Amino acid sequence: MDIRGFKALRPKADFVKDFSTLPYDVVSDTQVKTAIQNNTNLFFKVIKTDSLYDENIYEKARENLEQLKKENLLIQDEKKSFYIYQEIFKDINQTGIVATINIDEYIKGNVKKHEKTLKEKEIDRINNFYTCKANTEPVFLFQNRNAEIEKIIYNTKLTKQKEYDFISEDNVRHILWKIDDETVVNKLESLFKKVNSLYIADGHHRTASSIDVALKIRQENPAYDKNSEFNYFMAVIFFEDELKILPYNRIIKNLEKYDIENILKEIKTNFKVQLYDKVTFPTEKHSFTMIVNNKIYKLTANKSIIDEKDPINSLDTIILHKNIIEPLFKITDIKNEDDIEFVGGTNALKNIDELKNGNIVFLMYPTQIEQIKNISDIDAIMPPKSTWFEPKLRSGLFIHEF
């Protein structure tokens with residue numbers, strides 16, 4: 001694959017903690033405004049300007065980026081580099097390589113997706129990237145374990161000085177090293193040429209937006225140089241076995257609308273139902289924890305409703321939807337109906353404890369990496385809200401200008 005280093009635009013080390021942010025799509029407008037008022041998470045001024053300004057938001061984002069450069073709070077590396085990015089959070093320890101990837105690899109299907117993107121959601125990132133002339137946030141990718149790439153990562157950690165090492169407000173430790181030795185950079189680029197596939201973990205809309213921006217610039221410049229930076233988008237590439245997918249749980253709201261005794265009776269036609277005495281997450285595929293009226297049930301799907309040979313219909317999110325959520329609660333479009341909500345991440349139990357009164361909670365067993373790969377490999381699409389990766393990539397640690 002055509003994967004290469006780049007000259008990242010980055011915050012100075014003593015500024016990085018107050019500058020960097022959570023990704024644009026996991027924070028509320030209130031969080032953004034509070035951070036700006038407190039002079040923290042200043043990169044929101046570039047990626048979340050819609051929370052701060054009513055008009056000309058993308059031009060303002062570009063102005064803010066330029067101002068940060070003028071104030072020498074952001075610096076650009078002088079040599080083409082790869083970057084080693086490690087995140088440590090609770091029992092998760094994941095290390096990836098920050099790089100840029102030729103958009104043609106995505107177009108050819110070598111960067112594999114598993115989620116359907118919505119054009120209206122892409123438009124905001126398209127405008128942000130195009131106006132800022134930069135990939136302001138990276139895409140989260142994964143690959144198979146590669147011993148030679150792993151050796152370079154190990155040696156870099158062992159011998160190079162850290163560029164950043166800090167704990168963000170969500171208690172994630174972020175560490176960054178730079179690889180700018182030309183021999184090692186060339187070696188990595190050569191090794192990546194042997195990689196056949198990369199998989200999108202998180203950031204489908206950012207990926208699609210990056211592709212659209214590059215194609216737009218190509219159209220505007222028919223004689224474009226194929227090596228120009230705009231032909232490449234920024235990503236962090238992790239090894240698949242270091243990642244942890246967390247469950248993405250379902251909340252059915254407005255409990256009073258439903259006859260729970262009848263629903264339980266219907267559930268028993270396709271599931272084994274057991275009463276539990278405490279809230280626990282499922283420990284195996286095709287099982288679910290249901291919490292309703294302060295009672296806790298373990299639901300285990302009957303083999304008759306599972307087709308293990310079908311990578312889509314064997315997903316727990318599909319099994320739950322087709323056999324319980326749609327027929328019993330009359331919810332068809334989970335993205336656009338008011339009676340369903342989703343809770344993911346490590347604080348799910350805490351959040352669910354707050355939500356269970358007056359609602360019906362379904363705790364899920366997490367989708368597995370292998371399931372994502374199987375679905376991506378056949379160019380199929382997973383149902384919405386099937387995966388929750390944590391920790392999220394920190395935004396503002398590196399920017400790819402083009």
Side-chain angles (χ1 to χ4, degrees), residues 114-118 121 204 245-276 279-308 310-345 347-349 351-368 371-372 374-375 380-389:
H114 65 264
E115 182 180 304
K116 182 180 179 180
T117 57
L118 301 174
K121 286 186 68 175
H204 283 79
I245 306 176
L246 299 173
Y248 219 145
N249 308 290
R250 274 67 174 143
I251 314 294
I252 307 297
K253 299 187 287 185
N254 302 316
L255 174 62
E256 69 280 358
K257 291 171 57 175
Y258 304 105
D259 181 344
I260 297 304
E261 289 303 316
N262 186 59
I263 283 174
L264 276 169
K265 181 180 177 182
E266 292 292 333
I267 287 174
K268 288 177 181 177
T269 62
N270 288 318
F271 295 82
K272 179 182 177 183
V273 179
Q274 298 169 273
L275 198 60
Y276 267 25
V279 176
T280 56
F281 277 101
T283 57
E284 58 188 359
K285 285 196 304 182
H286 312 325
S287 65
F288 311 86
T289 298
M290 184 175 80
I291 308 168
V292 57
N293 289 332
N294 291 318
K295 290 185 178 179
I296 306 157
Y297 302 90
K298 178 184 177 182
L299 313 181
T300 305
N302 295 338
K303 291 182 179 180
S304 60
I305 65 170
I306 304 167
D307 182 1
E308 293 290 7
D310 187 326
I312 297 292
N313 287 313
S314 60
L315 286 171
D316 283 350
T317 48
I318 289 287
I319 292 169
L320 182 70
H321 184 81
K322 284 189 171 182
N323 294 281
I324 294 180
I325 290 178
E326 184 171 357
L328 304 185
F329 298 105
K330 310 304 179 188
I331 294 172
T332 54
D333 182 0
I334 64 171
K335 277 191 170 183
N336 296 304
E337 298 206 26
D338 294 334
D339 278 359
I340 190 165
E341 194 170 315
F342 304 89
V343 178
N347 292 322
L349 275 179
N351 295 336
I352 286 167
D353 193 54
E354 296 170 358
L355 287 166
K356 68 182 182 182
N357 293 328
N359 300 314
I360 306 163
V361 176
F362 290 96
L363 300 183
M364 309 291 292
Y365 184 76
T367 303
Q368 302 299 295
Q371 291 177 296
I372 293 178
N374 291 341
I375 289 168
I381 299 299
M382 298 181 79
K385 312 294 185 182
S386 289
T387 59
W388 179 282
F389 284 89

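Each residue takes its place number in the sequence, starting with 1. Here the structure is a predicted model, which means the values were calculated and not measured.
Shortest non-hydrogen contact noted between Ile334 and Ile340 is O-CG2, 3.6 Å. For Ile381 against Ile312, the heavy-atom pair with the smallest separation is O-CD1, 3.4 Å. The minimum heavy-atom distance linking Ile375 with Pro311 is given by the pair CD1-O, 3.5 Å. For the pair Glu308 and Ser314, the tightest heavy-atom approach, listed with the atom from each and the gap, is OE1-CB, 3.8 Å. Taking each heavy atom of Ile245 and Thr367 in turn, the nearest pair found is CD1-O, 3.2 Å. Residues Asn254 and Asn359 approach most closely at N-OD1, 3.5 Å, considering heavy atoms.
The structure places CD1 of Ile325 at 13.5 Å from NZ of Lys330, a figure rounded to the nearest 0.5 Å. Atom CZ of Phe362 is separated from atom CZ of Phe288 by 9.0 Å, given to the nearest 0.5 angstrom. Rounded to the nearest 0.5 Å, atoms CG (Asp316) and CD (Gln371) are 7.0 Å apart. The structure places CD1 of Ile319 at 12.0 Å from CG of Leu299, a figure rounded to the nearest 0.5 Å. Rounded to the nearest 0.5 Å, atoms OH (Tyr297) and NZ (Lys268) are 7.5 Å apart. To the nearest 0.5 angstrom, Ile360 atom CD1 is 6.5 Å from Ile252 atom CD1.
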Inset, instruction - Before giving the answer on side chain to side chain contact (heavy atoms under 4.5 Å, CB included), spell out for Met290 and Val273 the whole-Å C-alpha distance, their side-chain angles and the decisive distance to 0.1 Å. - result: CA-CA 10 Å; Met290 184 175 80; Val273 179; over 6 Å; no

Inset, instruction - For Val292 and Tyr258, run side chain to side chain contact (heavy atoms under 4.5 Å, CB included): C-alpha distance rounded to whole Å, both residues' side-chain angles, the deciding distance at 0.1 Å, then the answer. - result: CA-CA 11 Å; Val292 57; Tyr258 304 105; over 6 Å; no

Inset, instruction - Decide side chain to side chain contact (heavy atoms under 4.5 Å, CB included) for Thr317 and Arg250; before the verdict, give the C-alpha distance in whole Å, the side-chain angles of both, and the deciding distance to 0.1 Å. - result: CA-CA 9 Å; Thr317 48; Arg250 274 67 174 143; 3.5 Å; yes

Legend entry - Pair Phe281-Asn249, side chain to side chain contact (heavy atoms under 4.5 Å, CB included): steps then yes or no: CA-CA 10 Å; Phe281 277 101; Asn249 308 290; 3.4 Å; yes

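Panel note: side chain Glu337, backbone Thr332; a donor-acceptor pair is recorded below 3.5 Å. Distance alone, capped at 3.5 Å, places no donor-acceptor pair between the Glu326 side chain and the Ile324 backbone. A donor-acceptor contact shorter than 3.5 Å links the side chain of Lys253 to the backbone of Asp338.
A side-chain donor-acceptor contact under 3.5 Å links Asp310 and Asn313.
Under a cut-off of 6.0 angstrom, the local environment of NZ in Lys335 is crowded, with over 12 non-hydrogen atoms contributed by other residues, nucleotides or ligands.
Salt-bridge formation is detected for the pair Lys298/Glu284: a Lys NZ or Arg NE/NH1/NH2 atom is positioned less than 4.0 Å from an Asp or Glu carboxylate oxygen.
Annotation: side chain of Pro282 is in contact with side chain of Thr289 (closest heavy-atom distance under 4.5 Å).
Considering Ile296, Ile291, Val343 in turn, Ile291 is the only one that fulfils the side chain to side chain contact (heavy atoms under 4.5 Å, CB included) rule with Val361.
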